[in-house]
Asker: 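Here it is, the structure, as C-alpha cells.
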Amino acid sequence: MITVRISDDSLAIACGADEVAAAFEAAGCTVERVSSWGMHWLEPLADIAGQGFGPLAPEDVPAVLAGTSDKGIGCIEDHPFLARQQRFTFARAGKTRPLDMGDYIAAGGWAGLRAAERLSPAEIIARVTASGLRGRGGAGFPTGIKWQTVANAFGNRKYVVCNADEGDSGTFADRMVMEGDPFMLVEGLAIAGLAIGAQKAFVYIRSEYPHAIAKMHAAIAASADLVAPFEIEVRVGAGAYVCGEETALLNSIEGKRGEVRAKPPLPAIEGLFGQPTAVNNVLTLAAVPFILAQGAEAYAAVGFGRSRGTMPIQLAGNVRHGGLFEAGFGLTLGELVEAIGGGTASGRPIRAVQVGGPLGAYHPPSDFHVPIDYESFAAADGLIGHAGLTVFDDSVDMGDMARFAMAFCAAESCGKCTPCRIGSTRGVELIDRLRAAPTAGDAALLEDLCETMRFGSLCALGGFTPYPVLSALKHWPQHFGLIPETTP
Amino acid sequence: MDLVAAIVAAHAGREGPLLPILHDVQAAQGHVSEEAIRTIAHGLNLSRAEVHGVVSFYHDFRTQPDPRPVVKLCRAEACQARGVEALVAALPPQNQVRIETVYCLGLCSAGPAALAAGRPHARLDAAKLAALVEAAT
C-alpha cells in the first residue's frame with residue numbers, strides 16, 4: 001500500500017488539501033496528515049516516499065499514482081527552496097504529524113526540556129543568553145536578559161505568557177509552529193517556566209486562527225504530564241490587533257479592554273495580575289528547545305552582526321514562491337524576494353516590499369541590498385518586525401497604502417493615547433486632502449504628524465504607523481501628486 | 001439557572017474569566033445581549049459598564065443578534081497585494097450573508113483568503129468568492 005503524506009496546515013486545507021487527501025484514500029492509499037514544508041505555492045503538496053507532487057487537485061490523483069503526472073517536483077528535500085534554508089525551528093516541518101507524540105520524540109522532541117531539567121534556572125538562562133536569542137516578535141530584545149529580570153523579580157507567582165496574537169499581515173510563522181509542531185511550543189514554554197520559576201503559562205492566540213487553537217489545546221492536553229506541575233492554558237483573543245502589544249495582551253488575559261499600559265513598570269517586574277511575567281513571542285519560545293538540546297554555540301554560530309541564529313522569514317503577498325524560509329540573518333531583501341521568492345506572482349515588476357507587517361516600511365527595489373538584520377533595517381528607516389515580507393507589483397498605488405496604514409491604525413487604536421487615537425484619524429483626512437490638492441505645506445504637515453505619532457505614542461501601533469506612511473511619501477511622492485507621474 | 005449564568009459559573013474559578021465567558025456566550029447565543037451583560041456583571045462582581053466596555057472594545061463581540069451566516073474576508077496588505085479589493089468590488093449585491101472584514105488569516109502567501117464556517121479558503125478569485133458566499137447561505 002502506498003503511503004501519501006499531505007499537510008493538514010490551514011493553508012494547505014485552504015488550498016484544497018482535504019479533498020486531495022480524500023481522493024488518495026479513495027484510490028486505496030494510506031494518507032498521513034503532516035505539517036507543511038512551507039512551500040506554499042505547491043500546496044496541496046503530496047509526499048510519496050520523499051518525492052513531491054504539487055499543487056494538486058483531486059483530479060490529478062490518478063496520474064500521480066500512475067506515474068504520469070506532470071506535477072512532480074522530484075525529491076522534496078532537494079528542492080532549491082528548501083536546500084538553501086537552515087532550519088532550526090522548522091527542522092521537523094513537513095516530516096512529522098503535528099499531534100503525534102511518537103513522531104515528535106523520534107524527531108528529537110523533548111531533548112531540550114530534558115537538558116533543562118538537569119540545569120539550574122541560572123544555567124538555563126545563561127545558555128539562552130549565550131545563544132544571542134532576541135525576541136522574535138519584532139522588538140528584538142535579548143531573551144536571556146528578559147528571563148533574568150523575571151527570575152530576579154519578587155513575586156508570589158510568576159507567569160510565562162506566549163504572544164501568539166500574530167496579527168501582522170504577511171506573517172504566518174507563529175501559525176505554522178502552532179499547527180505544525182505544537183509540542184515544540186509546549187516544550188519552549190516549559191523550559192521558560194523552569195528558567196524563571198513560573199507555575200503557569202498562558203498562550204494567547206488570536207481568534208482568526210481556529211486550527212492553531214485546536215492543535216494547541218490538543219498538544220497541551222497530551223503533554224500535561226510531561227510538563228507538570230507546570231500548567232499551560234490557551235486564551236483566545238477577540239479580534240483586536242492591538243492585543244499583539246504585550247501590555248494590551250496582558251490586560252486582555254485579565255479580562256479587561258485591550259488597552260496598552262504605560263511602561264514602566266515592565267511586565268517582567270509587574271505583568272500579568274501584577275506578577276512578574278515573561279512575555280515571549282511564539283518563535284522565541286520555539287527556538288529555545290533547539291538551544292537547550294544542541295547548545296547555545298550551535299545557535300549563535302549562524303547569524304549576522306548582533307542578530308544571532310535563524311529567522312523564519314515569511315514570503316507573502318504578490319510573490320511567486322511564497323512560504324516559509326528559515327535562514328540565518330544576513331540574506332538581503334533582494335535575494336529573498338527575487339532569487340528565492342521568484343519575483344511577483346503576477347509576473348509584473350516589484351514596486352514595493354513591506355517588511356515587518358502593517359507597521360513596517362515600504363521598501364523600493366533600491367533597498368534590495370539591505371540584509372535581514374535588526375540594526376541594518378533600522379538604518380534603512382525600517383524594521384524587520386516578525387520578518388514578514390509582503391511583495392507588491394507595479395499596480396499598487398502607494399498613496400492608497402499610506403492611507404490604509406493610517407485607517408488601519410484608526411480602526412485598531414486602543415484609544416489610550418492621543419497621538420495614536422486622534423493622529424491616525426487626522427492622518428487619513430490629511431492624506432485625502434493632500435492627494436486631492438497636493439501642496440508642499442500639507443506634505444510637511446503629514447511628516448510633522450508622523451513625527452508626533454512616532455515619538456508621542458505609548459506603543460508600536462501609533463509609534464510605527466509612520467513607517468509605512470513616511471516610506472511611501474518618501475519613495476513614491478508621485479502617488480501623492482507631489483511630483484508628476486513619470487511614464488516608464 | 002439560565003444559560004448565561006451557567007457559563008459564568010463554569011468559568012468562575014479561572015484567572016481572568018471574562019473573555020472566555022464572552023466567547024462562550026456569543027457562541028451559544030450569537031451575540032452578547034444587554035441581559036447577558038447584566039448577568040455576567042453580577043456573577044463576576046463587576047459593574048455593567050465594565051463588562052460593556054470590554055464587549056464593545058473587541059471586534060469579535062456583538063451586542064445585536066444577526067442570524068446571517070458569516071464569511072470572514074481578509075482585506076489586509078498581503079491580500080490587497082493579491083487583488084482582494086477588486087474581488088470586493090465585483091461581489092454581487094446580496095444581504096443573506098454577512099461579509100466581515102478581518103485583518104489577516106495568516107494565509108498571506110496564498111491570498112485572497114477567507115474563513116467560512118470555520119474552514120479556510122485561499123487563492124480566491126471573483127468566481128470562487130461569489131461561490132463561497134452563495135454556499136454560505
Side-chain angles (χ1 to χ4, degrees), chain A residues 10-11 13-15 40-41 43 166-172 174-176 200 202 207-212 233 235-241 252-259 272-273 314-319 322-324 345 354 357-358 388 390-393 396 400-401 404 408 411-412 414, chain B residues 11 14-24 26-27 32 40 44 46 50-62 72 74-86 100-124:
Chain A
S10 59
L11 186 131
I13 293 172
C15 294
H40 290 164
W41 75 99
E43 294 286 4
E166 183 179 52
D168 287 352
S169 177
T171 64
F172 41 78
D174 294 354
R175 180 185 63 69
M176 287 184 67
K200 176 143 188 182
F202 287 95
S207 62
E208 293 86 348
Y209 281 3
H211 290 72
E233 184 176 334
R235 280 298 164 92
V236 179
Y241 174 77
S252 188
I253 294 176
E254 290 182 11
K256 298 173 183 158
R257 293 162 66 87
E259 284 178 354
L272 191 63
F273 302 109
Q314 300 126 83
L315 298 167
N318 193 341
V319 65
L324 185 111
Q354 188 177 30
T390 304
V391 179
F392 291 79
D393 72 12
V396 64
D400 285 347
M401 300 319 295
F404 178 77
F408 181 76
E412 299 297 333
C414 81
Chain B
H11 290 288
R14 297 176 78 170
E15 296 172 288
L18 184 51
L19 252 66
I21 289 171
L22 293 174
H23 275 301
D24 282 3
Q26 174 140 317
V32 183
I40 294 165
L44 298 183
L46 296 169
E50 283 172 297
V51 179
H52 175 80
V54 172
V55 171
S56 61
F57 183 87
Y58 295 95
H59 299 303
D60 281 4
F61 301 132
R62 36 189 317 117
K72 293 185 176 187
C74 177
R75 293 173 73 179
E77 286 88 343
C79 283
Q80 288 183 31
R82 297 179 75 99
V84 70
E85 292 307 312
E100 211 172 86
T101 295
V102 290
Y103 292 116
C104 201
L105 296 167
L107 307 172
C108 315
S109 51
L115 192 65
R119 217 202 114 108
H121 300 266
R123 297 180 190 148
L124 295 175

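The figures here come from the full heavy-atom set of this structure, side chains too, leaving out hydrogens, waters and symmetry mates. In what follows, chains carry the letters A, B, and so on, assigned in the order in which the sequence lines appear, proteins first and then strands, with residues in each chain numbered from 1.
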Asker: Does B/E15 form a side-chain contact (heavy atoms from CB on, under 4.5 Å) with A/I253? I'd like the steps, not just the answer.
Answerer: CA-CA 8 Å; B/E15 296 172 288; A/I253 294 176; over 6 Å; no

Asker: Heavy-atom pairs under 4.5 Å with chain A are the metric here; pick the option from B/E50, B/Q26, B/K72, B/Q80 that has the most.
Answerer: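 So the answer, after comparing B/E50, B/Q26, B/K72, B/Q80, is B/Q80.
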
Asker: Is there a donor-acceptor pair closer than 3.5 Å between any side-chain N or O of B/R119 and the backbone N or O of A/I13?
Answerer: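 Yes; judged by distance alone, with no hydrogens or angles, the pair exists.
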
Asker: A/A212 versus chain B, heavy atoms under 4.5 Å apart: side chain, backbone, both or neither?
Answerer: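 It is neither, since no heavy atom gets under 4.5 Å.
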
Asker: Under 3.5 Å, side chain of B/R82 to main-chain N/O of A/N318, donor-acceptor pair present?
Answerer: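 No; zero donor-acceptor contacts below 3.5 Å.
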
Asker: Kindly indicate, with the supporting measurements, whether the criterion side-chain contact (heavy atoms from CB on, under 4.5 Å) is fulfilled by B/F57 and A/C414.
Answerer: CA-CA 8 Å; B/F57 183 87; A/C414 81; 3.9 Å; yes

Asker: Indicate yes or no for a side-chain donor-acceptor contact from B/H23 to the backbone of A/G237 under 3.5 Å, with no hydrogens or angles considered.
Answerer: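 Present.
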
Asker: Answer with side chain, backbone, both or neither: which region of A/L315 has an atom nearer than 4.5 Å to a non-hydrogen atom of chain B?
Answerer: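 Contact with chain B: backbone only.
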
Asker: Is the side chain of A/S169 donor-acceptor paired with the backbone N or O of B/A78 at a distance under 3.5 Å, no angle test?
Answerer: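 Present.
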
Asker: What's the separation between atom NE2 in A/H211 and atom CG in B/L115, rounded to the nearest 0.5 Å?
Answerer: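 Nearest 0.5 Å value for the NE2-CG distance: 8.0 Å.
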
Asker: If you count heavy-atom pairs under 4.5 Å between each of B/L22, B/L19, B/D60 and chain A, which one has the most?
Answerer: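 Highest number of heavy-atom pairs under 4.5 Å: B/D60.
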
Asker: Do B/Y103 and A/Y241 make the cut of ring centroids closer than 6.0 angstrom?
Answerer: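 Not close enough - the centres of the two rings lie 6.0 Å or further apart.
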
Asker: Which atoms of A/V396 come close to chain B, meaning under 4.5 Å heavy atom to heavy atom: side chain ones, backbone ones, both, or neither?
Answerer: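 Contact with chain B is absent: no heavy atom of A/V396 under 4.5 Å.
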
Asker: Can you name the nearest heavy-atom pair linking A/Y209 to B/G106, along with the distance?
Answerer: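 Closest pair (atom of A/Y209, atom of B/G106, distance): OH-CA, 3.6 Å.
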
Asker: Can a donor-acceptor pair be found, under 3.5 Å and without considering hydrogens, that links the side chain of A/R235 to the backbone of B/G16?
Answerer: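 Flag set: sc A/R235 to bb B/G16 pair under 3.5 Å.
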
Asker: Side chain, backbone, both or neither: which part of A/D400 has an atom under 4.5 Å from a heavy atom of chain B?
Answerer: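 Interface part for A/D400: neither.
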
Asker: On a heavy-atom basis, which atom in B/C108 and which in A/G170 lie closest, and how many Å separate them?
Answerer: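 Smallest heavy-atom distance, with atoms named: SG-N, 3.1 Å.
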
Asker: Considering only heavy atoms, which portion of A/E254 lies under 4.5 Å from any heavy atom of chain B: side chain, backbone, both, or neither?
Answerer: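 Only the backbone of A/E254 comes within 4.5 Å of chain B.
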
Asker: Side chain, backbone, both or neither: which part of A/S10 has a heavy atom under 4.5 Å from chain B?
Answerer: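 Both backbone and side chain.
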
Asker: Between B/S109 and A/Q314, is there a side-chain heavy-atom distance shorter than 4.5 Å?
Answerer: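 They are not in contact (no side-chain heavy atoms under 4.5 Å apart), so the answer is no.
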
Asker: Do you know which of B/G53, B/P17, B/P112 has the most heavy-atom pairs with chain A at a distance under 4.5 angstrom?
Answerer: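 Ranked by contacts with chain A, first place is B/G53.
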
Asker: Which region of A/M176, side chain (C-beta onward) or backbone (N, CA, C, O), has a non-hydrogen atom less than 4.5 Å from a non-hydrogen atom of chain B, or is it both or neither?
Answerer: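 It is neither, since no heavy atom gets under 4.5 Å.
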
Asker: As an exercise: rank A/G322, A/G239, A/G357, A/G388 by heavy-atom pairs under 4.5 Å with chain B and give me the winner.
Answerer: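 Top option by heavy-atom pairs under 4.5 Å: A/G239.
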
Asker: Against chain B, label A/E259 side chain, backbone, both or neither, depending on which of its atoms sit under 4.5 Å from a heavy atom there.
Answerer: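 Its backbone and side chain both get close to chain B.
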
Asker: Let's test your reading of the structure: which of A/E166, A/E233, A/M401 forms the most heavy-atom pairs below 4.5 Å with chain B?
Answerer: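 The answer is A/E233.
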
Asker: Let's test your reading of the structure: which of B/L105, B/L18, B/L44 forms the most heavy-atom pairs below 4.5 Å with chain A?
Answerer: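 Maximum pair count with chain A is reached by B/L105.
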
Asker: Mind checking what makes side chain to side chain contact (heavy atoms under 4.5 Å, CB included) contact with B/A122, not counting sequence neighbours?
Answerer: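 Partners of B/A122 by the side chain to side chain contact (heavy atoms under 4.5 Å, CB included) criterion, ordered by chain and then number, come out as A/A14, A/C15, B/A110.
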
Asker: Please report the shortest heavy-atom distance between A/A240 and B/Y58, naming the atom on each side.
Answerer: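 It is CB-CD2, 3.8 Å.
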
Asker: What do you reckon, is NE2 of B/H59 surrounded by more than 12 foreign heavy atoms closer than 6.0 Å?
Answerer: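 For B/H59, atom NE2 is crowded (more than 12 foreign heavy atoms under 6.0 Å).
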
Asker: Indicate yes or no: at least one non-hydrogen side-chain atom of A/R175 is less than 4.5 angstrom from one of B/L107.
Answerer: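 A/R175 reaches B/L107 side chain to side chain.
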
Asker: Please state whether the side chain, the backbone, both or neither of A/P210 comes within less than 4.5 Å of a heavy atom of chain B.
Answerer: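 For A/P210, side-chain heavy atoms alone lie under 4.5 Å from chain B.
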
Asker: Tell me, do A/L11 and B/P120 make a side-chain contact under 4.5 Å, heavy atoms counted?
Answerer: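 The answer is no; the side chains never approach within 4.5 Å.
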
Asker: What distance do B/R75 atom CZ and A/F408 atom CZ have between them, rounded to the nearest 0.5 Å?
Answerer: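 Atom-to-atom, B/R75:CZ and A/F408:CZ are 13.0 Å apart.
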
